[in-house]
Amino acid sequence: MKIANIGGRAHLIADGLCLDLAKASAGRFSPDPQAVYDRWDELSDWAAGRDLRDGRTYRAEELLVPVPHPRQIFAVGLNYQAHADESDVEPPTEPMVFTKYASSLTGPTGQVVLTGASVDWEVELVVVMGRTARRVPAERAWDHVAGVTVGQDLSDRERQFTDSPPQFSLAKSAPGFSPIGPYVVGAGDVPDPDDLALECSVNGEVVQRDRTSSMLFGVGELIARLSGVLPLLPGDLLFTGTPAGVGLGRTPRRFLRPGDRLVSRIEGLGEMTHVMTDADPSGDGTSTTTVLAEAMPTRGGRS
């Protein structure tokens with residue numbers, strides 16, 4: 001099962017067609033895309049084998065944020081060995097968790113306004129919770145997941161490293177800095193959700209490529225660790241970390257520029273496409289922020 005947000009209404013997606021959920025269910029389910037995760041088990045049973053031949057075609061540009069109003073958004077830093085290596089730090093022995101803010105969410109296509117000249121890319125698998133999880137063991141964690149989707153954890157590196165210790169949440173929560181989509185794919189519809197190929201490209205050049213099986217802490221372990229501290233609620237999002245290849249880890253460092261086309265894709269989950277735009281109201285391409293090289297460390301504190 002795939003769930004999308006089209007026109008602010010929940011839709012089922014299959015074979016290139018979409019079907020309005022509330023209309024198809026004669027009002028049994030709310031049109032609110034966020035509400036479906038509170039009734040995920042019931043929806044999954046209802047949708048099993050549902051004939052979507054009455055659906056309509058849709059354009060990628062119609063797809064909005066599939067999980068528009070999560071109560072909690074968690075993110076994990078340094079969750080791939082190769083990313084820790086390029087960051088020149090020891091990999092963490094506990095998941096490095098921070099939060100992102102819901103106002104940073106955006107859909108799978110469109111423009112993202114850069115906050116300066118140091119905005120970096122980070123493709124990530126994003127997990128969407130479908131049941132409340134509290135003290136859940138790792139081996140049962142996937143039972144509490146509704147589905148998975150593609151995500152980007154865009155990061156303003158200057159803001160992140162303007163002081164010590166680094167500032168993660170604000171640096172990664174500007175408007176548009178948390179794209180997800182194009183839809184949520186049910187966890188049961190992914191052959192092996194613990195081993196998916198993920199990739200990120202800038203202007204057609206592949207800059208990140210790995211598999212989610214390379215995570216230091218897999219989805220089950222992350223949910224177990226988090227749910228041991230606080231409840232994870234239906235519709236909550238978990239950004240699971242990015243692989244190697246970020247701009248900050250390159251020599252010389254490379255960041256997103258106005259006009260850059262950022263494509264993020266994960267095997268079986270689809271892809272997102274975003275075009276970067278300049279925050280400078282003059283529109284002349286001059287960044288409103290000067291990157292201070294000394295503000296960003298050569299070692300440690302990256303994600």
Side-chain angles (χ1 to χ4, degrees), residues 4-8 58-70 73 75 100-124 126 149-162 167-183 198-208 237 239 242 245-250 252-266 270-293 295-296 302-303:
N5 177 356
I6 299 178
Y58 63 93
R59 296 175 294 107
E61 294 76 18
E62 292 184 77
L63 300 175
L64 306 177
V65 186
V67 190
H69 303 295
I73 305 176
K100 290 169 71 71
Y101 300 111
S103 58
S104 67
L105 290 171
T106 193
T109 64
Q111 296 183 334
V112 174
V113 177
L114 298 172
T115 53
S118 62
V119 177
D120 209 344
W121 55 82
E122 293 191 9
V123 66
E124 307 201 6
V126 176
T149 191
V150 185
Q152 266 284 347
D153 177 26
L154 293 170
S155 305
D156 185 324
R157 299 302 191 188
E158 182 179 9
R159 180 166 290 133
Q160 184 176 356
F161 297 112
T162 193
Q167 171 57 259
F168 283 82
S169 295
L170 291 180
K172 295 164 172 281
S173 291
F177 272 31
S178 304
I180 61 171
Y183 27 68
L198 69 171
E199 181 181 288
C200 174
S201 66
V202 179
N203 299 328
E205 176 191 352
V206 174
V207 291
Q208 290 183 283
L237 299 179
F239 285 69
T242 198
V246 300
L248 186 61
R250 295 169 177 265
R253 288 166 173 165
R254 175 182 173 186
F255 300 113
L256 293 166
R257 296 289 181 260
D260 281 351
R261 185 172 182 266
L262 181 68
V263 178
S264 317
R265 59 176 62 91
I266 297 181
E271 69 176 37
M272 306 190 298
T273 301
H274 297 91
V275 176
M276 304 298 112
T277 65
D278 202 325
D280 178 18
S282 70
D284 64 1
T286 303
S287 173
T288 57
T289 305
T290 301
V291 178
L292 303 179
M296 292 183 282
R302 303 177 184 175
S303 109

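Predicted model, so just to flag it, every value in this text is computed and none were measured.
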- prompt: Among all residues two or more places apart in sequence or in another chain, which pass the salt bridge (Lys or Arg N to Asp or Glu O under 4.0 Å) test with R265?
  reply: E199, E271

- prompt: Do the side-chain N and O atoms of S264 and Q152 include a donor-acceptor pair separated by under 3.5 angstrom?
  reply: yes

Non-hydrogen atoms of A4 and L63 that approach each other most closely: CB-CD2, 3.8 Å

- request: Taking all non-hydrogen atoms of both residues into account, name the closest pair between V150 and V126 and its distance.
  value: C-CG2, 4.3 Å

message: Taking the side chain as everything from C-beta on, heavy atoms only, tell me whether L248 gets closer than 4.5 Å to F255.
response: yes

query: Should V207 and R250 count as side-chain neighbours, where that means a heavy-atom distance under 4.5 Å?
result: yes

field: For A75 against K100, the heavy-atom pair lying closest together
entry: CB-CD, 4.0 Å

message: Quick check: do L114 and D260 have side-chain heavy atoms less than 4.5 Å from each other?
response: no

Student check: side-chain heavy atoms of Y101 and L170 closer than 4.5 Å: yes

message: Can a donor-acceptor pair be found, under 3.5 Å and without considering hydrogens, that links the side chain of S118 to the backbone of D156?
response: no

- prompt: Hey, which of P70, P66, P179, P68 is the one that makes side-chain contact (heavy atoms from CB on, under 4.5 Å) with L105?
  reply: P70

Sole candidate of T106, D153, V119 that passes side-chain contact (heavy atoms from CB on, under 4.5 Å) when paired with F177: V119

field: Closest contact, heavy atoms only, S104 versus S178
entry: OG-OG, 2.7 Å

field: Backbone N/O of V263 and side chain of W121: donor-acceptor pair under 3.5 Å
entry: no

- request: Could you tell me whether the side chain of T149 and the main chain of G181 form a donor-acceptor pair under 3.5 Å?
  value: yes

- prompt: Any side-chain heavy-atom pair from R157 and V246 closer than 4.5 angstrom?
  reply: yes

- request: Verify whether one side chain among S155 and K172 offers a donor that lies under 3.5 Å from an acceptor in the other.
  value: yes

message: Could you check whether any side-chain heavy atom of L256 comes within less than 4.5 Å of a side-chain heavy atom of L154, counting everything from C-beta outward?
response: yes

query: Which distance, rounded to the nearest 0.5 Å, do you find between the NE2 of H274 and the CZ of R261?
result: 11.0 Å

statement: Per side-chain contact (heavy atoms from CB on, under 4.5 Å), L262 is matched among N203, V275, V202 by V202

- line: NE2 of H69 to OG of S103, rounded to nearest 0.5 Å, is 12.0 Å

- prompt: Atom OG1 of T115 and atom CG of D278: how far apart are they, to the nearest 0.5 Å?
  reply: 10.5 Å

